[in-house]
Visitor: 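Got a structure for you, written out below as structure tokens; questions coming shortly.
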Amino acid sequence: MAGFRFLTAGESHGQSLGAILEGVPAGLPLTAEQIASDLARRQRGYGRGARQQIERDRADIVSGVRHGITLGSPILLLVRNRDWENWTRVMQVEPLSEDEAAELTVAAEGGDKRSTPVTRLRPGHADLAGAIKYDFSDVRNVLERASARETAARVAAGAVARAFLAALGIEVWSFTAEVGGVAVDPERSTRTREEAEESPLRCPDPEAESRMIARIDEARSNGDTVGGVFEVVAHGLPVGLGSYVHWDRRLDAALAAAVMSINIVKGVELGLGFEQTRRFGSAVHDVIEGRDEDGRWIHRSNNAGGLTGGVTNGQPIVVRGAVKPISTLARPLPSADLITGRPVEKAHYERSDISVVPAAGIVGEAMVLLTLMNFALEKFGGDTLADTRDALEHYRARSAATHDQADGSGPAGSPGSTAAASASSGESGSGGDD
Ligand code: EPS
């Protein structure tokens, strides 16, 4: 899996967030405009906090692209933090001179919150564990990187993966499935994808959305926060991404890890997820209907969420992320002080969001896109986009020919005819795939 990877860098109130992508094939058209639309989507959503009024996220493509086409070299993306201007001294990279340190002390003594070291730990945030781990006496050193602001860099990287996968006919989107215990009802999900995208919570069910908004308002008026569930769906995948042969080659496991890595996510489900445990097998497993006229394998349902044995089965991939309520509360919980170790009445509070489920869905899309790109490149490879496409087409032709041959209707000597012979004598469809 060394072929494709990405990393992010940056602090929430530092100069910029960065993402570096390595292993993107050459020949992919890519512009900052394509990335900007995903970044803007991440900033929206009812329940977002004041920070999003300050930021106008856009990524500069610093390297890896020339004249709008990727070069195969590392792609460096930079998203500037507009809020940085308000934090230059507090977040200064250079050592503080005596005068500068004194300036901060005076500001803190004058009640400036930004200049005051953070020691009152927020329950639910990385504050305590991070400060102990890295031996910090100021929790700002933790929260600046643990902040979900970092997800802007992931979304920028995800937009590159989106462009790559779109060129292979694969697309990924998401919606808000639940907020504060109010869930969408598929029967009442009358909005088109575009309409859902434009709605305040990126939600396909208008009636549920009104009740979700009421839950967010309730949280706001109580100085509280509220979580929910987002659902990411991927269409257009060939059968056969991922593998059942090793734990770390299973696409389901990689997707679960990728989505779980999102700052606020505490649970991941694929397809029916935990609901499967409450049903009999006959009400869970997706009956295979056979092939349609276009040669695609059709399942009667998609409870497996597009993955069996850790391998794509041609159905859409469905991944759900459980979003905990944001841990910075306007009416803070009681906590303890990092330095004294003694209880304090209120945890730290600067400002926060009330709910971020629609934004978390966009981050979920990014993590799914990046994971699928990794697996697509692992399977099809390619120094250029055309190489990847050729390999995908060859594979599609091979897998179609395999089964035409089994029907007795395939072209003799077609690519994969050896595989066709062994597949037809095998026990495909006998179960045991998961
Ligand atoms: C975020 C920016 C942050 C928070 C939020 C996500 O801005 P600030 O900390 O300046 O108010 O709104 O971060 C958190 C929820 C968190 O726990 O750190 C963003 O751009 O997404």
Side-chain angles (χ1 to χ4, degrees), residues 8-19 35-36 38-59 77-88 90-91 112-116 118 120-131 138-158 179 202 216 219-220 223-228 230 261-266 321 323-330 332-333 335 347-367:
T8 71
E11 277 72 42
S12 179
H13 305 100
Q15 282 186 48
S16 299
L17 298 160
I35 301 173
D38 274 341
L39 286 172
R41 292 171 72 222
R42 193 199 74 94
Q43 289 202 265
R44 288 201 292 265
Y46 191 83
R48 286 293 251 161
R51 179 72 184 273
Q52 303 313 317
Q53 311 304 316
I54 299 170
E55 304 297 342
R56 302 276 177 279
D57 290 342
R58 255 193 91 81
L77 306 173
L78 285 182
V79 180
R80 289 182 204 293
N81 288 319
R82 283 167 61 127
D83 204 17
W84 150 251
E85 285 167 23
N86 304 314
W87 293 81
T88 47
V90 179
M91 292 303 295
D112 177 39
K113 271 196 161 183
R114 286 186 190 136
S115 310
T116 311
V118 178
R120 286 174 299 129
L121 304 159
R122 287 168 301 168
H125 218 286
D127 297 358
L128 173 61
D138 182 355
V139 170
R140 176 151 311 284
N141 289 346
V142 177
L143 69 86
E144 284 291 333
R145 180 63 186 163
S147 164
R149 176 87 192 129
E150 181 263 347
T151 62
R154 300 200 208 188
V155 168
V179 171
R202 303 186 54 253
I216 295 171
R220 181 184 283 110
D224 216 327
T225 59
V226 64
F230 62 80
S261 79
I262 300 170
N263 312 44
I264 205 159
V265 168
K266 279 298 209 183
V323 174
K324 69 177 180 178
I326 294 245
S327 42
T328 310
L329 307 187
L333 288 169
S335 187
H348 175 74
Y349 178 74
E350 264 161 36
R351 67 180 170 207
S352 190
D353 311 70
I354 313 298
S355 184
V356 291
V357 186
I362 306 296
V363 185
E365 286 179 27
M367 295 311 295

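As the structure lists them, so they are numbered: ligands from 1, and atoms in each ligand from 1. Here the structure is a predicted model, which means the values were calculated and not measured.
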Visitor: D83 versus ligand 1: do any nitrogen or oxygen atoms come within less than 3.5 Å of each other?
Guide: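 Between D83 and ligand 1, no N or O pair is found under 3.5 Å apart.
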Visitor: Can you spot which of H13, R149, M91 makes a side-chain contact (heavy atoms from CB on, under 4.5 Å) with D83?
Guide: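 Only one of H13, R149, M91 forms a side-chain contact (heavy atoms from CB on, under 4.5 Å) with D83, namely H13.
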Visitor: Any idea which atoms of ligand 1 are less than 4.0 Å away from a heavy-atom of R351?
Guide: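 Those qualifying, in numeric order: 8 (P), 10 (O), 11 (O).
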Visitor: Does the N or O separation between T151 and ligand 1 drop below 3.5 Å for any pair?
Guide: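 No, there is no polar N/O contact under 3.5 Å.
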Visitor: Looking only at non-hydrogen atoms, find the nearest pair between R154 and A366 and report the distance.
Guide: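 It is O-CB, 3.6 Å.
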Visitor: So which of H13, E350, R145, R42 gets nearest to atom 9 (O) of ligand 1, if we judge by its closest heavy atom?
Guide: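 Among H13, E350, R145, R42, the closest heavy atom to atom 9 (O) of ligand 1 belongs to H13.
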Visitor: Side chains of V179 and V226: does their closest heavy-atom pair fall under 4.5 Å?
Guide: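 Yes, their side chains come closer than 4.5 Å.
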Visitor: If we only count heavy atoms from C-beta on, is the I354 to I326 side-chain gap below 4.5 Å?
Guide: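 Answer no - side chains too far apart.
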Visitor: Between ligand 1 and Q52, is the shortest N or O to N or O distance under 3.5 Å?
Guide: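 Indeed, backbone or side chain, Q52 has an N or O that close.
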Visitor: Report yes or no: does a heavy atom of H125 sit under 4.0 Å from some atom of ligand 1?
Guide: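 Flag set, H125 near ligand 1.
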Visitor: Walk me through whether R140 and E350 qualify under salt bridge (charged side-chain N to carboxylate O under 4.0 Å, His left out).
Guide: CA-CA 11 Å; R140 176 151 311 284; E350 264 161 36; 2.4 Å; yes
Visitor: So, the side chain of D353 versus the backbone of G49: is there a donor-acceptor pair under 3.5 Å, distance only?
Guide: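 Between the backbone of G49 and the side chain of D353 there is a qualifying donor-acceptor contact (under 3.5 Å).
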Visitor: I'd like to know whether CZ of R80 has more than 12 heavy-atom contacts from other residues, nucleotides or ligands below 6.0 angstrom.
Guide: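 12 or below, so no.
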Visitor: Report yes or no: do T328 and R122 form a side-chain donor-acceptor pair below 3.5 Å?
Guide: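 There is such a pair (donor and acceptor under 3.5 Å, judged by atom type) between the side chains of T328 and R122.
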Visitor: Can you report which non-hydrogen protein atom sits closest to atom 5 (C) of ligand 1, along with the distance?
Guide: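 Looking at atom 5 (C) of ligand 1, the protein heavy atom closest to it is D353 OD1, 3.4 Å.
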Visitor: With a cutoff of 4.0 Å, is R48 in contact with ligand 1, counting heavy atoms of the residue only?
Guide: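 Yes.
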Visitor: Give yes or no for whether the N/O distance cutoff of 3.5 Å, strictly under, is met between R122 and ligand 1.
Guide: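 No.
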Visitor: Which protein heavy atom lies closest to atom 3 (C) of ligand 1, and at what distance to 0.1 Å?
Guide: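 Protein heavy atom with the smallest distance to atom 3 (C) of ligand 1: S147 OG, 4.0 Å.
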Visitor: Taking 4.0 angstrom as the limit and counting only heavy atoms of I326, give me the atoms of ligand 1 inside it, by number and element.
Guide: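 What qualifies from ligand 1 is 15 (C).
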Visitor: Heavy atom to atom 14 (C) of ligand 1, shortest distance: which of G49, A148, A146, A359 holds it?
Guide: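 Answer by nearest heavy atom: A148.
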Visitor: Using a 3.5 Å cut-off on N or O atoms only, is R149 in polar contact with ligand 1?
Guide: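 Yes; at least one N/O pair falls below 3.5 Å.
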Visitor: Within the structure, does S12 bring an N/O atom to less than 3.5 angstrom of an N/O atom in ligand 1?
Guide: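 So ligand 1 has no N or O lying under 3.5 Å from an N or O of S12.
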Visitor: Give a yes or no answer on whether the side chain of R41 reaches the backbone of A359 with a donor-acceptor pair at less than 3.5 Å.
Guide: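 Answer holds: no.
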